[in-house]
Amino acid sequence: MLVYPSGLDVSSSALRFLTQQLRRHRRATASRWRRLSAGRQALLTLAHLRVGHTYAQLAAGFEVATTTAYRYVTEAVDLLASLAPTLADAVRTASTKAYLLLDGTLLPIDRIAADRPSYSGKHKRHGMNVQVLADPFGRLLWAAPALPGAVHDVRAAREHGIVDALTEAGLQCWADKGYRGAGGTVRIPCWGRWEALSTGQKAVNRSHAKIRALVEQAVATLKSWRLLRRLRCSTTRITRLVQALLTLHLASSDR
């Protein structure tokens with residue numbers, strides 16, 4: 001395998017944060033000597049998450065065994081995921097916001113037609129449904145655990161307790177028509193075909209679309225980590241990956 005120098009479009013604050021967490025973890029577990037330092041392990045993990053390099057590619061670049069690369073990435077991802085905020089944490093953070101934005105996104109996975117629970121009829125492909133909460137400026141606040149792609153957005157929001165949590169906190173939330181019937185403080189556009197809507201309803205929907213459009217920035221923030229654009233791992237690991245990336249994003253944003 002050929003090895004060449006490359007760049008990584010990740011902020012240095014993300015690297016420093018992960019390195020610091022790995023050092024603390026090694027001290028807490030009295031870890032023995034490692035092939036890579038905490039800083040190199042952090043860089044290896046970020047390369048996997050940001051670019052989607054395989055374990056074989058990472059092993060060649062960092063001069064370690066493939067199994068070692070796998071263990072290092074898994075350890076770092078699990079550590080980051082354990083630091084991810086809960087829905088309750090996100091609601092407390094958003095308590096000073098005027099309103100929130102809610103949307104669902106599909107993370108494509110490498111599955112065959114037999115895996116019907118993962119097939120999204122809306123997107124015509126297999127994937128995992130992840131609900132996202134963003135502030136009025138489109139900044140990512142929270143990402144929910146992944147559910148099979150066949151799960152509709154409104155059902156996913158209910159299963160995660162998003163609607164109840166926002167309603168209890170009195171937080172207004174703007175969402176698309178996929179959340180019809182959610183109730184609580186979730187606001188959706190006027191229902192019906194565009195040509196059948198009144199002039200007033202069309203104006204409401206245009207205003208709603210302008211406000212809600214910023215949630216796409218939060219989705220783009222999550223998918224800027226290219227590993228999520230085509231997942232080939234077990235679906236049981238996807239939630240941990242999403243939580244790890246959320247932790248990295250929030251840690252970098254605070255610095």
Side-chain angles (χ1 to χ4, degrees), residues 9 11 50 85 87 89-91 93-108 120-125 127-147 149 151-163 165-167 169-230 242-243 245-246 248-250 252-254:
D9 58 338
S11 67
R50 190 67 169 189
L87 176 59
D89 294 331
V91 170
T93 301
S95 60
T96 58
K97 310 292 182 183
Y99 58 87
L100 293 180
L101 305 173
L102 172 63
D103 198 10
T105 186
L106 187 79
L107 301 181
S120 170
K122 175 182 176 181
H123 297 89
K124 308 300 181 186
R125 67 189 307 176
M128 298 295 285
N129 181 313
V130 173
Q131 298 293 300
V132 169
L133 281 176
D135 70 7
F137 300 99
R139 293 177 296 215
L140 180 64
L141 295 178
W142 182 73
L147 293 174
V151 177
H152 197 272
D153 282 341
V154 67
R155 177 184 163 191
R158 286 172 177 159
E159 287 193 16
H160 293 310
I162 298 173
V163 177
L166 296 180
T167 302
L171 286 169
Q172 291 291 323
C173 178
W174 298 71
D176 61 22
K177 292 181 179 180
Y179 296 88
R180 184 188 183 191
T185 55
V186 177
R187 304 179 64 177
I188 64 169
C190 297
W191 188 263
R193 298 179 62 86
W194 181 258
E195 58 272 16
L197 297 178
S198 66
T199 302
Q201 289 174 323
K202 290 180 180 178
V204 168
N205 282 9
R206 290 193 190 97
S207 176
H208 189 284
K210 289 180 181 178
I211 295 173
R212 201 194 64 80
L214 288 175
V215 75
E216 297 300 331
Q217 293 184 16
V219 174
T221 295
L222 199 59
K223 291 189 173 181
S224 65
W225 298 87
R226 289 184 279 279
L227 181 69
L228 296 185
R229 298 178 189 176
R230 184 67 174 180
V242 171
Q243 291 174 333
L245 296 178
L246 175 63
L248 280 174
H249 168 70
L250 294 178
S252 300
S253 301
D254 292 340

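None of the values given here were measured: they were computed from a predicted structure.
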Starting at [atom1] of [X], measure out to [atom2] of [Y] and round the result to the nearest 0.5 Å.
{"X": "Asn205", "Y": "Trp194", "atom1": "CG", "atom2": "CH2", "result": "6.0 Å"}
{"X": "Ile211", "Y": "Leu101", "atom1": "CD1", "atom2": "CG", "result": "8.5 Å"}
{"X": "Thr96", "Y": "Leu171", "atom1": "OG1", "atom2": "CG", "result": "9.0 Å"}
{"X": "Ile188", "Y": "Lys177", "atom1": "CD1", "atom2": "NZ", "result": "8.5 Å"}
{"X": "Leu147", "Y": "Leu106", "atom1": "CG", "atom2": "CG", "result": "11.5 Å"}

With heavy-atom distances below 4.5 Å as the criterion, would you say the side chains of [X] and [Y] are in contact?
{"X": "Asp89", "Y": "Trp142", "answer": "no"}
{"X": "Leu246", "Y": "Pro85", "answer": "yes"}
{"X": "Arg212", "Y": "Asp103", "answer": "yes"}
{"X": "Val242", "Y": "Leu107", "answer": "yes"}

task: Quick one: sort the His208 and Trp174 rings into parallel, tilted or perpendicular, breaks at 30° and 60°.
output: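 The rings of His208 and Trp174 sit tilted, inter-plane angle from 30° to 60°.
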- prompt: Sequence neighbours excluded, which residues qualify as side chain to side chain contact (heavy atoms under 4.5 Å, CB included) partners of Ala165?
  reply: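 So Ala165 forms a side chain to side chain contact (heavy atoms under 4.5 Å, CB included) with Leu87, Val91.
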task: Could you check Leu102 against Gln131 for side chain to side chain contact (heavy atoms under 4.5 Å, CB included), going step by step and ending with a plain yes or no?
output: CA-CA 7 Å; Leu102 172 63; Gln131 298 293 300; 3.9 Å; yes
message: Counting neighbours of CZ on Arg50 that are heavy atoms of other residues, nucleotides or ligands and sit closer than 6.0 Å, is the number greater than 12?
response: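 Counting neighbours around CZ of Arg50, more than 12 heavy atoms of other residues, nucleotides or ligands fall under 6.0 Å, so yes.
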